[in-house]
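First up is the structure itself, then whatever we jot down about it.
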Amino acid sequence: MRIEKEAEAVSASRNHLVFAYYVTGHGFGHATRVIEVVRHLILAGHDVHVVSGAPEFVFTSAIQSPRLFIRKVLLDCGAVQADALTVDRLASLEKYHETAVVPRASILATEVEWLNSIKADLVVSDVVPVACRAAADAGIRSVCVTNFSWDFIYAEYVMAAGHHHRSIVWQIAEDYSHCEFLIRLPGYCPMPAFRDIVDVPLVVRRLHKQRKEVRKELGIGEDTKLVILNFGGQPAGWKLKEEYLPPGWLCLVCGASETEEVPPNFIKLAKDAYTPDLIAASDCMLGKIGYGTVSEALAFKLPFVFVRRDYFNEEPFLRNMLEYYQSGVEMIRRDLLTGHWKPYLERAISLKPCYEGGTNGGEVAAHILQETASGKNYTSDKFSGARRLRDAIVLGYQLQRVPGRDLCIPDWYANAESELGLSSPPLSVEGRGSHMESYMEDFDVLHGDVQGLSDTMSFLKNLAELDSVYDKGNAEKRQMRERKAAAGLFNWEEDIFVTRAPGRLDVMGGIADYSGSLVLQMPIREACHVAVQRNHPTKHRLWKHAQARQNAKGEGSKPVLQIVSYGSELSNRAPTFDMDLSDFMDGDKSMSYEKARKYFAQDPAQKWAAYIAGTILVLMKELGVRFEDSISLLVSSSVPEGKGVSSSASVEVASMSAIAAAHGLSISPRDLALLCQKVENHIVGAPCGVMDQMTSACGEADKLLAMVCQPAEVIGLVDIPRHIRFWGIDSGIRHSVGGADYGSVRIGAFMGRRMIKSRALELLSNCSSPANCISQDDLEDDGIELLEAESSLDYLCNLPPHRYEAMYVKQLPETITGEAFVEKYSDHNDAVTVINPKRVYGVRASARHPIYENFRVKAFKALLTSATSDDQLTSLGELLYQCHYSYSACGLGSDGTDRLVQLVQDMQHSKVSKSEDGTLYGAKITGGGSGGTVCVMGRNSLSSSHQIIEIQQRYKGATGFLPYVFDGSSPGAGKFGYLKIRRRLSSLKAKEQ
């Protein structure tokens with residue numbers, strides 16, 4: 001339907017009309033935009049009854065009229081926020097169920113009676129679902145005015161909650177379907193539940209005062225830079241500091257509490273201050289995205305520095321408008337909390353906001369509502385069905401997307417041409433529009449899906465730019481050896497296969513994996529990408545030295561492996577590696593793993609290639625794969641090395657996944673993980689367990705992979721409860737599973753297992769004769785069966801702690817030399833470690849750790865699914881602490897990780913934390929220990945994130961090292977699958993021109 005841009009003013013009607021205007025309970029933003037529509041209806045001589053849970057002053061401070069009636073009733077709850085920047089998804093659904101579902105029958109009866117009592121001519125909703133149904137039951141027409149609907153917002157929440165609350169979405173959509181049509185505001189989301197749509201301009205509150213007048217009242221000169229801080233309430237416990245602002249700047253603070261003290265360069269505003277005037281008088285705004293803040297920033301051409309909110313699903317659509325009209329600057333949450341504001345504010349005032357669209361949406365909407373209440377029909381246009389289908393598809397994407405996958409709006413979902421004769425901006429989401437457009441312009445995706453992962457889009461964008469480095473010789477890029485080498489790696493006329501595998505955070509289990517423990521692992525946000533291409537040797541683009549090597553052999557073109565690995569400068573290693581694939585052959589057979597280990601150890605600068613090229617040899621030996629084509633391979637990993645988050649496993653899994661995809665091999669994620677473990681154990685020579693590779697291959701975003709390492713049985717995925725969050729904090733002390741400490745503890749554990757089996761066999765032998773039995777009880781209560789099982793113990797973790805304490809702890813020595821052990825027991829039965837006869841090994845602590853760790857992990861898993869309580873969190877944290885100190889008892893601690901755990905404890909037991917019901921609850925060293933990363937567990941809240949940052953700063957103050965914080969999760973390689981892409985010839989030709 002088309003409404004002219006220059007709409008006529010809402011004229012005084014001959015008929016006195018009564019409007020019932022329902023306003024959602026989600027924040028003040030809806031109420032403030034309703035004010036502008038209501039104001040015009042009242043100016044036209046109509047009565048408006050506003051039904052809202054918002055404070056009365058929000059309406060009465062802007063409209064003083066006897067025609068305005070306020071009825072304070074809450075009929076929905078919107079999104080429940082854990083803090084100013086985080087939506088609690090499950091709590092939102094539970095609150096809606098409590099507010100609108102349980103009392104639904106009585107709500108409908110009450111509203112129908114009330115609507116009839118006021119003799120309403122039209123029901124207007126922004127955007128309360130049940131209001132539409134109540135209107136239908138009362139026989140009154142209804143219209144919605146909004147930029148989003150709750151069925152779209154709640155759709156993603158349902159994914160987090162499971163099927164329990166799915167009916168809420170369908171009920172909301174059904175309620176909206178009773179609405180006659182939708183007055184749709186700019187920055188809108190898909191809303192397929194509405195039958196007809198009318199687009200209007202921005203609804204913006206009018207200004208009461210001019211910029212100069214406002215500044216004069218505040219005592220602020222025109223030359224003073226002014227930012228308005230507009231979060232609708234500040235994060236709890238967050239204190240503003242003078243140094244947050246650049247010199248000479250002032251900041252207006254909205255929503256500050258009366259007791260909150262602010263620095264001298266910050267000015268607290270009264271709670272009923274009229275913010276549009278203050279926004280227009282400022283030079284930029286710092287806040288969170290909402291319809292009110294975005295519309296006013298655009299209307300007043302004010303640069304907006306925004307911080308994203310977690311799980312606020314209308315945000316990408318509003319953010320798109322800001323970015324399109326050059327009005328938005330994104331600030332990361334960490335910089336907001338730590339006061340690193342200066343570069344964002346300075347960037348903001350350099351912008352030239354360019355919104356020139358209408359801002360009279362309140363007037364236009366009021367005119368439409370008046371005409372509708374007077375009996376005018378707004379009939380469907382011919383595009384209505386196509387529009388609803390398009391909206392439904394995008395909503396379906398939202399409902400069915402995997403947890404952890406970023407919200408990414410499809411390119412083809414462009415806003416329909418508005419009724420104002422203006423085309424809305426093209427959508428680009430998460431600040432990734434340029435990346436999305438770049439790879440889609442440059443590549444045809446023949447298989448797979450980027451799944452909205454921004455790092456994958458960046459990798460593809462980087463891949464697309466390589467030919468410009470090679471063909472055009474950009475001097476700046478040529479200085480980067482890696483990119484220069486990568487530029488000549490691929491034949492752009494052939495298919496390329498891309499895979500992705502994340503690192504992992506060891507939440508529980510750690511080194512007990514090699515003893516058969518249950519482990520709980522979380523795939524992290526950081527991941528490794530690999531691009532692979534296979535070519536016939538005659539078509540392979542060889543580096544000059546590789547070509548010279550083949551020419552010297554005089555054997556013609558032979559299959560060659562060429563690898564480029566980004567990040568070499570950070571690791572002080574060579575950026576490239578190449579070899580003839582025939583080097584993997586030893587006569588007619590593939591070479592042994594031992595020879596391969598020596599082959600890659602020849603050059604320390606290229607030893608890294610064992611993790612990648614080793615996957616080819618393992619496929620040759622274990623699956624009998626023959627590689628007759630040359631292979632080009634590009635590796636780009638954001639998983640930091642040496643921090644205990646499985647950088648090596650992510651490289652192995654991504655590499656093998658890509659090579660398998662390029663050669664048409666179908667390998668399950670579990671089997672692929674086991675093959676990758678062989679790479680690390682036998683070719684790299686690191687005696688790791690399998691949990692790292694399994695998590696990278698089989699993990700899922702926002703879930704813990706639960707696996708019994710006997711050898712690798714995934715027993716399920718454990719949802720991380722919505723109130724719990726895990727972080728990793730890097731100690732800065734380099735960790736290596738190939739280090740001597742890890743290997744010696746592993747050997748000590750296997751020695752302990754061998755001794756326990758020997759002791760059990762001895763007791764069993766004695767009990768074959770009752771006269772020799774140490775106790776008559778040994779023959780009772782299945783004692784013989786227990787000893788038989790323990791005498792053939794495959795995994796140390798299969799021994800319960802009480803049996804260990806009752807039967808074996810006193811039999812294990814604290815330490816033993818390798819020579820003494822071999823003399824008595826011959827072998828420790830571990831294929832990936834070798835006993836050093838001269839070394840002293842700790843046995844009792846090394847054996848005790850996995851036995852008790854398996855018990856701790858089981859208890860941890862059970863507690864995760866128990867009722868939410870402070871006792872639950874405290875108990876989970878205590879298990880983490882016990883694990884940490886058990887590592888130390890084995891000799892796998894470090895000063896850095898101990899310091900971080902102590903900082904978490906100091907924070908946990910501080911008076912502030914206790915007064916806030918606690919935020920952080922536990923921490924432990926991870927992975928192979930001896931440095932690396934500490935896993936921290938706490939409440940999923942902004943306060944916890946703030947405390948993590950404080951720990952980060954305290955650690956830097958004590959050590960001089962600012963630790964990296966791992967925060968977030970992403971899908972494993974199995975969930976990602978692979979991309980098969982081909983360069984578009986049109987793109988190549990365009991770049992050549």
Side-chain angles (χ1 to χ4, degrees), residues 439 443 445-451 453 455-460 462-464 466 486 489-492 494-503 527-535 540 559-567 576-579 581 608-620 622-623 625 627-639 646-669 671-676 678-680 683 693 696-698 970-983:
Y439 89 78
F443 294 108
V445 179
L446 308 177
H447 178 276
D449 179 8
V450 297
Q451 300 186 15
L453 295 164
D455 58 347
T456 303
M457 296 180 191
S458 296
F459 179 73
L460 293 175
N462 180 282
L463 198 62
L466 287 180
L489 199 58
F490 297 112
N491 180 344
W492 296 113
E494 301 295 334
D495 296 340
I496 297 174
F497 295 80
V498 176
T499 54
R500 179 188 185 277
C528 174
H529 286 83
V530 170
V532 166
Q533 185 179 74
R534 54 184 292 197
N535 282 292
H540 195 207
V560 173
L561 169 66
Q562 293 185 149
I563 305 172
V564 176
S565 176
Y566 286 164
T576 64
F577 173 84
D578 64 277
M579 63 179 290
L581 287 175
W608 59 268
Y611 294 98
I612 304 163
T615 62
I616 293 175
L617 179 60
V618 168
L619 290 172
M620 293 170 65
E622 304 300 327
L623 301 185
V625 181
F627 294 95
E628 298 178 347
D629 287 334
S630 291
I631 299 173
S632 297
L633 200 147
L634 175 63
V635 180
S636 177
S637 181
S638 63
V639 185
S646 301
S647 58
S648 58
S650 66
V651 170
E652 292 157 357
V653 171
S655 298
M656 187 175 286
S657 297
I659 291 167
H663 291 81
L665 304 177
S666 180
I667 306 174
S668 70
D671 290 343
L672 187 134
L674 291 170
L675 291 170
C676 288
K678 290 184 180 293
V679 176
E680 191 142 358
I683 300 177
Q693 290 82 5
S696 188
C698 305
S970 66
K975 274 289 180 183
F976 182 83
Y978 69 89
L979 301 177
K980 181 180 179 182
I981 60 176
R982 182 178 297 168
R983 194 61 185 271

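Keep in mind it's a predicted model, so treat the numbers as computed, not measured.
No donor-acceptor pair closer than 3.5 Å links the side chain of S650 to the backbone N or O of G503. Within the 3.5 Å criterion, the main-chain N or O of A654 finds a donor-acceptor partner in the side chain of T499. Judged purely by atom type and a 3.5 angstrom limit, R983 uses its side chain to pair as donor or acceptor with the backbone of A464. Counting only distance, with no hydrogens or angles, the side chain of T576 and the backbone of V564 share no donor-acceptor pair below 3.5 Å. Listed for the Q533 side chain is a donor-acceptor partner under 3.5 Å among the backbone atoms of E494. At least one donor-acceptor pair under 3.5 Å links the side chain of S632 to the backbone N or O of L489. Remark: side-chain polar atoms of H540 are not paired, donor with acceptor, to backbone N or O of P559 under 3.5 angstrom.
K678 meets the salt bridge (Lys or Arg N to Asp or Glu O under 4.0 Å) test with no other residue; sequence neighbours excluded.
Across A527 and D455, no two heavy atoms sit closer than the pair CB-OD2, 4.0 Å. Taking both residues in full, the closest heavy atoms of V532 and A662 are given as CG1-CB, 3.9 Å, listed atom of the first, atom of the second, then distance. Taking every heavy atom of both residues into account, F497 and A658 meet most closely at CB-O, 4.3 Å.
In this structure, OG in S696 is found 9.0 Å from CD in E652, a value given to the nearest 0.5 Å. To the nearest 0.5 angstrom, I667 atom CD1 is 10.0 Å from I659 atom CD1. Between the CD1 atom of I496 and the NZ atom of K980 there is a distance of 12.0 Å, given to the nearest 0.5 Å.
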